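These notes are about the structure you will find just below.
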Amino acid sequence: MDEQLSYLGVPLIRPRVGFFELSSCEGCQLQLLNNEATLLDFLNLVEIVNFREGMSERGDTYDIAFVEGSVTRKDEIARLTEIRKNAKILVALGSCACFGGVNQLKNRFRDPDWVKKEVYGDFPIETMEAHPLADFVQVDLSIFGCPIKKEEVERIVTDLVVGKTVHHPEYPVCMECKANENICLFELGEPCLGPVTRAGCDAWCTSNRRGCWGCRGPAEAANLKQLEEIMHTYGFDRETILDRLECFGGFASFADTIRAQAKKSPARRKKS
Amino acid sequence: MQNKLTFLDVLDPGPGTHRKQDPGSFEYTLPAEITSIYPLTASEKLYQIQIIDPDQRNRFSFRPGQFVMLELPGIGEAPFSISSSPVRRGDLELCIRAVGNLTNFLARIERGARVGISGPFGTSFPLKKMQGQDILLIGGGLGIVPLRSPLLSVLENRSRYGRVDIMYGAKSPAELLFTYQYEEWRRFDINLGITVDRTDKSWQGRTGLITELLQERIYQTTSLRNNTYAIVCGPPVMFHFVCKMLTEAGLPMQKMFVSLERRMHCGRGKCCRCNIGSTYTCLDGPVFDYWSVMNLKEAI
Amino acid sequence: MKLSCEVNVHHLTRVEGHGNISISIKNGVVKKAQWQVVETPRFFEAMLVGKHWENAPYICGRICGICSIGHTLASIRAVENAFGITPSAQTANLRLLLKHMETLQSHILHLYFLAAPDFLGAGSVLPLAKSHPEVVQRALRLKLLANDACDIIGGRRLHPTRTVVGGFTMLPEKGELEKIRQRLLASVPDLLASAELFKTFAIPDFSRETEFVSLKGDTSYPFIGGGLVSTDGVLKKERDYRAMTNEYCAEGFTSKLSKLSRASFAVGALARLNNNFTLLHATAREISKFLGLLPVNHNPYMANVAQLVECVQVTLDSVRLIDTLLGAPWQEPRQPVQAKKGEGVGAVEVPRGILYHYYKFDSRGKVIKADCVIPTSQNHANILRDIEALASQYARTGKKDREIELLAEMLVRAYDPCISCSVH
Amino acid sequence: MIFKVFKKQELARLHALLAVNIIVGPVSKGNDRNGKPLYDFDVVYDFSDLALDYTQTVHSPKRFVLPYQETLSTFAVSRDGWEKHVDLNVYRPLVFFGMHACDINALNKLDLVLAQSTYPNPYYMGKRKNLFIIGLDCNPEPQCFCRSMGTDSAIHGFDLFLTDLGGKYFAEILSATSFDLLSQITCQDPSAKDLARYKHVTSEKSKHYTASVDTSDLTKILDLEFESAAWDYWGKKCLSCGTCANVCPTCYCYGVAEQVDLDLQHAGKTRSLHSCNLIDFAKVAGGHNFRPQSASRLKYRYYHKHRGFVEAFEESLCVGCGRCGAACLADITPPEVIASVRGKE
Ligand SMILES: Cc1cc2nc3c(=O)[nH]c(=O)nc-3n(C[C@H](O)[C@H](O)[C@H](O)COP(=O)(O)OP(=O)(O)OC[C@H]3O[C@@H](n4cnc5c(N)ncnc54)[C@H](O)[C@@H]3O)c2cc1C
Ligand code: SF4
Ligand code: SF4
Ligand code: SF4
């Protein structure tokens with residue numbers, strides 16, 4: 001643990017790493033503990049200085065801050081700003097941090113007070129719209145997914161340590177889905193966001209015969225118009241598309257467009 | 001058990017295998033060592049790389065214009081033009097600009113490090129055909145790197161060629177490569193024209209586009225048609241203007257050579273990443289005559 | 001002797017979510033003893049309104065990263081109850097197996113990574129990797145087994161992909177199940193070694209009488225569905241959950257709180273064990289006795305021991321379940337779902353206690369009303385009372401601030417609270 | 001070529017004879033949403049699992065010679081240097097039981113680039129050379145246009161080819177191994193009746209093609225229509241998802257990625273199949289993308305298959321199996337694309 005890291009004779013700095021969570025299920029952090037087989041190697045590669053869910057010791061400066069969760073209360077903006085100040089690289093960990101995640105589903109109600117009342121009645125509770133981190137601070141790197149894929153985080157952390165730039169796949173999930181030799185869920189009569197969602201999860205859901213809900217947000221050249229077309233062709237109504245597009249926030253603006261159109265025009269007839 | 005099919009080992013060297021046809025050579029890299037590193041500019045360094053095994057080193061031969069694939073485990077593998085003279089064989093010089101994973105890691109590496117080399121790959125400049133003719137070597141930016149090997153070759157056999165012009169342009173004086181060698185090159189009776197887009201205080205030379213240098217050269221001759229060959233290396237925009245100008249000055253397209261760059265993952269005509277149509281930059285190129293490039297869609 | 005003490009723990013570590021402890025003792029008199037929950041609410045119950053039934057398990061699983069499987073299963077059960085769907089025996093067995101594996105992974109995570117450092121005098125598991133490598137390796141082995149099993153059955157160890165209303169999208173390979181079975185059997189020595197380890201831990205001597213509530217097992221130790229029972233003699237049907245949870249809001253808590261017969265009650269491993277001790281597997285019962293845990297035990301720190309006993313319980317019961325599953329050919333993984341108007345409740349014993357999901361649907365199967373009652377929120381009032389009792393028990397003992405702080409922290413950790421979950 | 005006929009029930013014996021090897025063949029994968037049966041190639045342990053009356057598999061047999069992902073080499077890295085280990089990932093022969101003509105021809109085309117050109121790819125060759133192929137005749141599906149591509153029958157690239165004559169199989173024998181095998185089951189030389197029947201079956205088959213592509217002068221047309229608006233039309237639809245290349249039996253473009261292991265003592269190099277439709281396919285150093293538009297990438301796939309490859313090998317890199325069109329969610333099919341580029345429709 002104390003000896004200097006190096007690779008091919010090039011000395012490497014063991015980054016000081018902190019994990020932080022805002023509004024979230026803490027599942028993404030948990031995924032890191034879920035690396036049983038490689039956890040010890042992982043711990044050798046980095047120096048964890050802050051990980052509230054796992055340890056009591058705390059440190060205040062870090063090379064990499066992994067921030068999980070979205071911002072849903074004022075005090076979280078302050079915490080996030082503080083983390084940003086202390087971190088060289090700020091990583092948005094998981095869909096909540098990248099896009100608002102499931103938390104942003106409440107943003108779709110026009111009346112925020114209704115939302116509060118629905119859950120807490122008249123008890124006063126502080127909250128605001130759910131936001132991704134990038135709405136308040138500069139995010140240097142995003143790790144997508146709900147939950148994040150531990151292999152991907154390990155790869156990214158190794159790349160950061162050896163100094164490689166992190167490239168996310170730009171193509172959609174279909175590419176990985178097909179490489180897993182899955183039969184397309186559309187053929188099996190189920191909707192899927194694979195054609196527009198950024199790959200990198202190795203088609204986690206579709207390989208388990210579950211349609212993709214777009215947790216990793218849009219692929220680089222996401223052809224959303226065509227997706228809508230496909231959904232209609234295969235007989236899925238607008239709400240089914242919206243359920244998926246709205247779920248994690250990555251497609252929020254496109255979902256809004258569809259909602260807005262829905263108000264204007266009646267549902268398009270499906271191709272027979 | 002006679003119905004158990006027999007297993008064929010393709011790496012088993014059968015009789016009469018040709019070197020390139022030997023499948024065992026596919027992923028095989030020659031162990032090599034970085035023997036010295038010279039920083040040339042802020043982002044480019046010149047690496048001297050020696051193939052470790054003396055036998056392999058001496059057998060390694062290449063022609064100017066060809067490239068090697070250089071590999072670092074887990075970091076990457078990429079094509080680099082050989083910029084040393086072919087007489088030096090497996091004692092290579094590569095000039096590498098730090099732009100990405102492999103190249104940035106190389107920039108941090110120390111002398112003595114091990115790398116893997118495979119190749120040489122690709123086509124080369126037809127130096128034999130160029131003998132007895134005037135030669136224009138036109139390079140922009142990093143384009144001087146693939147030009148250096150044919151240049152050194154020409155200098156070593158200076159008497160076999162006619163007039164030799166080098167035109168080299170860079171964005172700024174700080175980005176000029178091989179500055180320490182200009183004097184030496186000039187001594188060989190060649191015209192060395194250097195220009196930069198942007199100047200700074202220290203710069204005494206000329207400012208402007210490389211096309212202006214070329215224009216001046218063209219004015220000195222009536223036509224380039226009969227006695228000239230050109231080699232053009234640089235960014236795609238430069239190809240475009242320079243080649244057009246040369247064509248207008250009468251230089252036939254098949255006497256103009258360019259070196260193209262594409263993303264390459266194998267260097268062996270398999271990965272398709274460098275394809276332009278079915279033309280592989282790695283097999284059919286990187287050196288093409290301008291006529292072939294004109295006929296390739298989306299080549300530059 | 002120093003009879004004053006100030007404890008202020010802001011964002012307690014090694015628990016899921018954000019909670020604060022503050023204790024103030026002046027000259028042997030407790031001035032303040034507080035447990036506060038400051039986690040930001042995420043409003044899952046509101047999010048679901050207007051969404052199609054299919055969203056409920058998918059979205060609600062995301063209430064919690066640790067017990068996402070439990071949430072998904074409770075949610076599915078609520079939807080199935082609303083639509084009048086009875087899962088096939090195969091589905092029920094697979095779900096229970098999946099549930100067991102989540103229980104195992106969550107308990108091991110808590111026991112070794114969150115709780116054990118306190119007993120071994122460390123701030124986290126990291127130094128233990130050096131000082132007690134075999135302990136850490138054992139924990140990793142057990143957790144890996146549980147997680148691998150969750151991958152194989154649920155498609156993913158966290159936020160499962162295969163679990164849907166009506167059954168599963170896909171079934172595990174039988175060969176894979178067989179491998180899990182063997183690994184489960186092979187893990188028994190690790191569990192016994194864990195028992196030996198916990199036997200050496202000095203469990204603080206503290207107890208406070210309270211009401212323990214859990215699901216009531218009929219013939220087997222309860223995990224999925226059924227009525228509830230309490231040590232105060234309450235019995236209620238699954239659908240009458242509100243009569244037990246009685247949620248209310250209170251100052252200092254962004255989570256809701258619950259009460260039943262008294263000011264507070266406790267749920268979780270200790271409650272389950274106190275109420276269903278006789279239904280434990282014989283070996284699990286033996287281990288419970290070995291560790292000095294017999295019903296009804298009122299020492300909240302013994303929840304750790306109860307979790308360990310449950311690890312043995314679920315491991316052995318999983319072997320039984322796999323035997324049953326492997327003993328029959330695979331049936332259809334999934335039955336068709338017909339949405340209809342109605343309401344349904346799903347109760348599941350997740351690692352930290354009883355979890356309820358409730359939905360009301362319109363005729364198109366859209367959610368009109370959703371309600372999720374989380375075990376940790378049921379425990380909050382009890383944690384608060386325990387902290388108060390702990391403070392007064394130690395008020396005149398002259399313990400150092402740090403000692404009392406540690407005892408209080410360990411007390412809260414013993415409940416293995418899932419705070420973000422309780423606020424949701 | 002040597003021809004034989006044998007009774008249908010002999011096929012199970014042939015299977016039994018080969019069963020000491022790993023056998024791969026078509027198996028049923030349930031039905032699609034319209035109740036149409038689905039098939040794919042998979043390892044087969046039991047003769048009854050072989051779905052020999054299969055229509056077309058969803059995925060091509062390509063992965064058995066060119067896996068979607070493959071480790072090319074691994075490295076052991078130490079303080080003083082590193083070593084590279086290459087493993088071709090092939091250890092024993094594979095029997096392919098029941099491959100249609102298009103897929104056999106697809107392998108033949110892959111051979112041109114991967115086995116018969118400069119720098120043969122040993123990962124491919126190792127698998128390809130250790131493949132024993134039993135071909136099987138088929139009935140055209142609505143998406144099949146193999147006849148236009150001249151790949152509706154296979155003349156080489158297999159060991160044995162079977163045609164269903166009703167109660168018998170008509171066998172074309174191309175390798176000594178398959179000759180040996182057939183000598184272990186009961187078979188006869190074809191009678192005049194068998195031959196007549198064989199000719200009848202093949203001519204019946206050719207009547208059932210519904211899809212076609214006009215390939216006359218296609219290389220030239222493609223060159224002329226480089227700027228055609230048709231490309232933009234299809235480009236707008238294309239999802240840039242790479243599904244077409246993945247299901248295609250001849251698409252072989254790939255990418256290589258290197259990864260250092262978490263322990264910094266190992267590293268690896270993986271090849272994975274790519275597709276020219278993917279947005280980052282033509283990116284080079286400095287981030288420049290030679291084909292940023294979806295239309296230009298889609299066009300590129302057609303140019304590579306129907307023009308570039310023809311220039312290099314005098315045949316096209318498409319066998320007309322129609323899988324890409326069938327799998328494309330945007331309904332982009334080669335017959336339609338080519339017709340529209342030709343200005344038809
Ligand atoms: C024939 C030939 C000769 C060459 N000769 C030389 C030479 O002599 N000297 C020289 O310096 N260079 C030369 N090059 C260029 C050199 O090969 C590249 O600079 C090199 O490949 C870069 O490798 P890298 O690993 O450092 O960069 P990479 O990490 O591969 O990155 C290169 C660029 O591509 C982008 N990129 C990489 N991967 C992705 C991805 N997955 N998604 C999106 N963007 C991505 C990066 O942002 C970066 O800008 C030559 C190229 C060819 C084809
Ligand atoms: S299942 Fe989804 S990801 Fe897979 S091919 Fe179909 S649309 Fe694409
Ligand atoms: S398939 Fe879609 S929803 Fe599932 S993990 Fe991948 S991106 Fe997320
Ligand atoms: S043509 Fe179809 S299958 Fe191919 S990339 Fe485009 S949308 Fe995907």
Side-chain angles (χ1 to χ4, degrees), chain A residues 5-9 12 35 37-45 151 154-155 157-159 161-162 164 167-190 192 194-196 199 202 219-227 229-231 233-235, chain D residues 29-34 36 38-42 57-59 63 67-69 75 77-82 235-247 257-265 267 272-275 277-281 283 289 292-294 297 326-331:
Chain A
L5 290 181
S6 76
Y7 188 68
L8 297 176
L12 306 174
N35 293 8
T38 48
L39 188 63
L40 297 178
D41 281 335
F42 183 80
L43 295 177
N44 179 46
L45 204 58
E151 292 82 358
E154 288 179 350
R155 179 177 60 75
V157 170
T158 318
D159 283 354
V161 172
V162 298
K164 285 167 77 171
H167 288 291
H168 287 291
E170 298 182 359
Y171 47 79
V173 175
C174 286
M175 183 69 192
E176 292 172 344
C177 183
K178 283 286 155 210
N180 280 315
E181 295 240 312
N182 297 321
I183 288 169
C184 180
L185 287 162
F186 279 105
E187 291 315 318
L188 299 173
E190 283 172 43
C192 181
V196 293
D202 197 22
E220 218 63 40
N223 190 342
L224 290 154
K225 277 250 75 70
Q226 189 61 31
L227 175 83
E229 200 78 32
I230 294 165
M231 289 281 198
T233 310
Y234 283 83
Chain D
K29 293 278 167 177
N31 294 335
D32 76 359
R33 67 201 171 103
N34 299 319
K36 204 176 133 245
L38 296 163
Y39 302 96
D40 243 332
F41 292 115
D42 218 333
T57 53
V58 177
H59 301 89
R63 79 163 150 121
Y68 295 96
Q69 233 184 40
F75 302 87
V77 182
S78 66
R79 292 218 156 261
D80 354 280
W82 49 272
K236 278 209 183 75
K237 285 176 164 287
C238 177
L239 297 153
S240 302
C241 69
T243 290
C244 44
N246 273 318
V247 299
E258 289 86 359
Q259 183 58 42
V260 180
D261 280 11
L262 216 49
D263 63 5
L264 302 183
Q265 282 162 25
S272 39
L273 200 74
H274 267 239
S275 158
N277 291 72
L278 305 183
I279 174 137
D280 50 1
F281 189 78
K283 274 205 180 152
N289 192 344
Q293 273 91 34
S294 150
R297 294 191 297 271
C328 176
L329 287 167
D331 258 335

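All values reported here derive from a predicted model rather than from experimental measurement. Proteins get letters first, then strands, A, B, ... in listed order; numbering begins at 1 in each.
- Closest approach of D:S240 to A:P172, counting heavy atoms only: O-CD, 3.3 Å.
- Looking at A:N182, only its backbone comes within 4.5 Å of chain D, counting heavy atoms on both sides.
- Of the residues considered (A:T38, A:I183, A:L227), A:I183 shows the highest number of contacts with chain D, using heavy-atom pairs under 4.5 Å.
- Between the side chain of D:N246 and the main chain of A:M175, a donor-acceptor pair closer than 3.5 Å is present.
- For D:T243, the parts sitting under 4.5 Å from any heavy atom of chain A are the backbone and the side chain alike.
- D:S272 pairs by the side-chain hydrogen bond (donor to acceptor under 3.5 Å, both in side chains) definition with nothing, not counting sequence neighbours.
- Heavy atoms closer than 4.5 Å to chain D are found in the side chain of A:L45, but not in its backbone.
- Interface residue A:L12: only side-chain heavy atoms are found under 4.5 Å from chain D.
- When D:N34, D:D40, D:V77, D:L239 are compared by the number of non-hydrogen pairs under 4.5 Å with chain A, D:L239 comes out ahead.
- Annotation for D:L329 and A:P195: closest pair CD1-CG, 3.7 Å, computed over non-hydrogen atoms.
- Between A:N223 and D:K236, every side-chain heavy-atom pair lies at or beyond the 4.5 Å cut-off.
- Taking each heavy atom of A:E187 and D:A326 in turn, the nearest pair found is OE2-O, 4.5 Å.
- Chain A forms the most heavy-atom pairs under 4.5 Å with one residue out of D:L264, D:V58, D:D32, and that residue is D:L264.
- For D:D80, no part sits under 4.5 Å from any heavy atom of chain A, backbone or side chain.
- For A:F186, the parts sitting under 4.5 Å from any heavy atom of chain D are the backbone and the side chain alike.
- For chain A, no part of D:Q293 is nearby; none of its heavy atoms comes within less than 4.5 Å.
- No side-chain heavy atom of D:R33 sits under 4.5 Å from any side-chain heavy atom of A:E190.
- The NZ atom of A:K178 sits 13.0 Å away from the OG atom of D:S275 when rounded to the nearest 0.5 Å.
- Between the side chain of A:K164 and the main chain of D:V260, no donor-acceptor pair closer than 3.5 Å is present.
- Within the 4.5 Å cutoff, side-chain heavy atoms of D:R79 are placed close to those of A:S6.
- Between chain D and the residues A:V196, A:N180, A:D41, the most heavy-atom pairs under 4.5 angstrom are made by A:D41.
- Qualifying side-chain hydrogen bond (donor to acceptor under 3.5 Å, both in side chains) partners for A:E181, counting only residues two or more places apart in sequence or in other chains: D:R63, D:Y68.
- Only the backbone of D:D261 has a heavy atom closer than 4.5 Å to any heavy atom of chain A.
- Annotation: side chain of A:E170 is not in contact with side chain of D:L278 (no heavy-atom distance under 4.5 Å).
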